[in-house]
Amino acid sequence: MTALGSDASASEALVETLRRHVGLRGVSDLRLDTAARTILFRRENAHQGEQPEALAIHPEDVLRLAALTGRSEVVTDLRVANGGALTLILRDNLGGTHWGHAVLMNAPEPRQPHEALAERARMADLGERALILAHELRQPLFTISMANESLRLMLDRPDTTRSRLQTTASRIAEQVLRAQAIIKRTLGQAADDSIPVRHTDVMAAASSAVEFLEALFEAAEIAVELDCGGPSACVALGRVELEQVFVNVLRNAADSIQSRRAGGWDGEGRITIALEGKPGLMRCIVTDNGAGLSADLERLAFEPFFTTKAGEGTGLGLHICRQILNKAQGDIRLVSTGDRNGHEGARVEICLPRGTGKRAAASVAAA
């Protein structure tokens with residue numbers, strides 16, 4: 001009994017030390033009040049009928065916490081209204097954004113904050129580079145796997161021509177080179193200014209991306225319409241990079257349509273791609289009739305690591321698209337097209353200055 005008592009005392013002392021050192025605090029009945037932008041919770045040993053405590057949090061973190069609806073065993077960081085920050089551990093989800101138990105931790109500033117911040121920045125940069133590398137490599141690897149499967153099927157068909165085999169083999173070879181270029185660029189072994197500027201036909205790149213994702217659209221019963229009757233435009237961006245932008249945007253549109261269907265909608269999925277031209281400027285508009293998005297999501301969608309695909313997305317697709325377009329003095333914008341009549345959807349606007357150089361050679365879409 002003495003030994004057990006000593007162990008219990010030691011454990012209590014350890015917990016008390018943690019409480020003082022990292023501001024550890026156990027609470028219960030934690031809820032998110034989206035309208036008030038606060039989290040409500042009850043302190044330990046709260047008396048029956050005692051009012052819950054409220055803590056105001058950053059508006060963008062309200063959206064992040066709302067995205068965790070229904071999930072248990074969650075660890076997330078929040079910024080509080082007074083400029084501080086805390087780590088939140090959530091357990092025992094009781095439905096929606098309501099958890100039975102939670103732990104709040106608020107670590108004090110270190111004695112040498114400038115050194116800690118510098119180290120944190122280095123680690124964040126390294127982590128972002130690693131995730132961007134993984135995200136970008138996923139695309140050529142997916143293309144290679146699809147092309148390899150097509151090659152296998154063609155070898156079993158008697159009507160397969162040598163030309164088709166060569167085209168598929170070339171696609172694999174191109175994507176291997178692209179994967180190597182991604183690794184080289186990410187590791188900083190090649191400067192951006194060492195890559196010659198090529199000019200790409202926008203609608204040709206969009207058409208190539210649609211062709212590559214054809215199987216996805218067929219399986220999801222999504223109709224894709226390219227409005228090629230308008231003006232043509234070339235931009236100062238490589239073919240594969242522009243295709244990568246379109247593939248990311250089109251995949252997100254398809255995911256949004258599937259998300260709307262998961263909510264009970266049974267309509268036909270539709271994506272349209274149209275080009276608008278002005279002197280010196282090109283704007284390509286990709287519209288879908290998916291689930292749409294809120295004003296907060298419009299603002300956060302391009303932040304690195306922000307995703308609404310819990311457990312699936314990396315939150316880097318649109319962030320990388322913006323980086324690619326910024327290299328060519330362009331930009332990308334995401335807006336909702338929903339209205340009061342129940343129509344859903346979103347619109348992506350890709351804006352780039354028109355190019356005047358040599359058109360890039362034909363390529364294949366990066367998945």
Side-chain angles (χ1 to χ4, degrees), residues 132 135-137 139-140 142-144 146-147 167 170-182 184-186 190-214 224-253 271-287 302 317-334 347-367:
I132 287 176
H135 181 91
E136 290 202 80
L137 283 178
Q139 301 191 19
F142 182 71
T143 305
I144 291 169
M146 293 289 290
T167 299
S170 296
R171 174 175 292 185
I172 293 174
E174 288 176 2
Q175 294 305 309
V176 169
L177 291 175
R178 171 159 177 74
Q180 292 173 339
I182 289 170
K184 195 173 184 181
R185 185 189 69 225
T186 305
D192 286 343
D193 56 10
S194 67
I195 302 173
V197 176
R198 305 300 300 272
H199 291 77
T200 302
D201 184 289
V202 175
M203 292 306 285
S207 178
S208 183
V210 171
E211 180 182 353
F212 178 78
L213 295 174
E214 184 177 4
V224 182
E225 178 183 347
L226 281 88
D227 183 4
C228 298
S232 62
C234 285
V235 294
L237 198 62
R239 173 74 176 241
V240 173
E241 288 180 303
L242 189 54
E243 287 172 353
Q244 181 178 352
V245 171
F246 277 116
V247 167
N248 270 307
V249 169
L250 291 170
R251 277 184 165 174
N252 283 345
I271 300 172
T272 60
I273 306 172
L275 194 64
E276 293 182 356
K278 295 182 179 180
L281 180 68
M282 176 288 306
R283 184 170 69 164
C284 187
I285 301 174
V286 181
T287 308
F302 296 94
L318 289 176
H319 174 66
I320 292 172
C321 286
R322 175 161 281 174
Q323 286 186 321
I324 290 173
L325 294 170
N326 284 347
K327 288 197 310 180
Q329 290 74 54
D331 200 5
I332 182 170
R333 180 169 173 254
L334 175 63
R347 181 175 74 251
V348 175
E349 298 177 359
I350 301 169
C351 297
L352 281 165
R354 288 177 178 268
T356 57
K358 183 179 179 181
R359 183 175 300 185
S363 181
V364 295

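Keep in mind that this is a model prediction, so the values were computed, not measured. FYI, side chains are in, hydrogens and waters are out, and symmetry mates aren't considered; it's all heavy atoms of this structure.
In this structure, Glu214 and Val224 have side chains that are not in contact, with every pair of non-hydrogen atoms separated by 4.5 Å or more. For the pair Val249 and Ile332, the minimum side-chain heavy-atom distance is below 4.5 Å.
Asp331 pairs by the side chain to side chain donor-acceptor pair (under 3.5 Å) definition with Arg322, not counting sequence neighbours. Residues forming a salt bridge (Lys or Arg N to Asp or Glu O under 4.0 Å) with Glu211 (at least two apart in sequence, or on another chain): none.
Nearest heavy-atom pair, Ala328 versus Ala236, reported as atom, atom and distance to 0.1 Å: CB-O, 3.4 Å. The minimum heavy-atom distance linking Ala209 with Leu250 is given by the pair CB-CD1, 4.0 Å. The two residues Arg239 and Ala205 have their closest heavy-atom pair at NE-CA, 3.9 Å. For the pair Ile273 and Phe246, the tightest heavy-atom approach, listed with the atom from each and the gap, is CG2-CE2, 4.5 Å. What you find for Arg354 and Leu281 is that their closest heavy atoms are NE-O, 3.5 Å.
Rounded to the nearest 0.5 angstrom, Leu237 CG and Ile350 CD1 are separated by 10.5 Å. Note that the OG1 atom of Thr200 and the CD atom of Glu243 stand 8.0 Å from one another [nearest 0.5 Å]. For the atom pair CD of Glu349 and OG1 of Thr287, the computed distance is 8.5 Å after rounding to the nearest 0.5 Å. Atom CZ of residue Arg333 and atom CZ of residue Arg283 lie 8.0 Å apart, to the nearest 0.5 angstrom. If you take OG1 on Thr272 and CG on Asp227, they are separated by 8.5 Å, rounding to the nearest 0.5 Å. Atoms CG and CG, from Leu242 and Leu352 in turn, are 7.0 Å apart once rounded to the nearest 0.5 Å.
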Walk me through whether Asn248 and Leu318 qualify under side chain to side chain contact (heavy atoms under 4.5 Å, CB included). CA-CA 7 Å; Asn248 270 307; Leu318 289 176; 5.5 Å; no
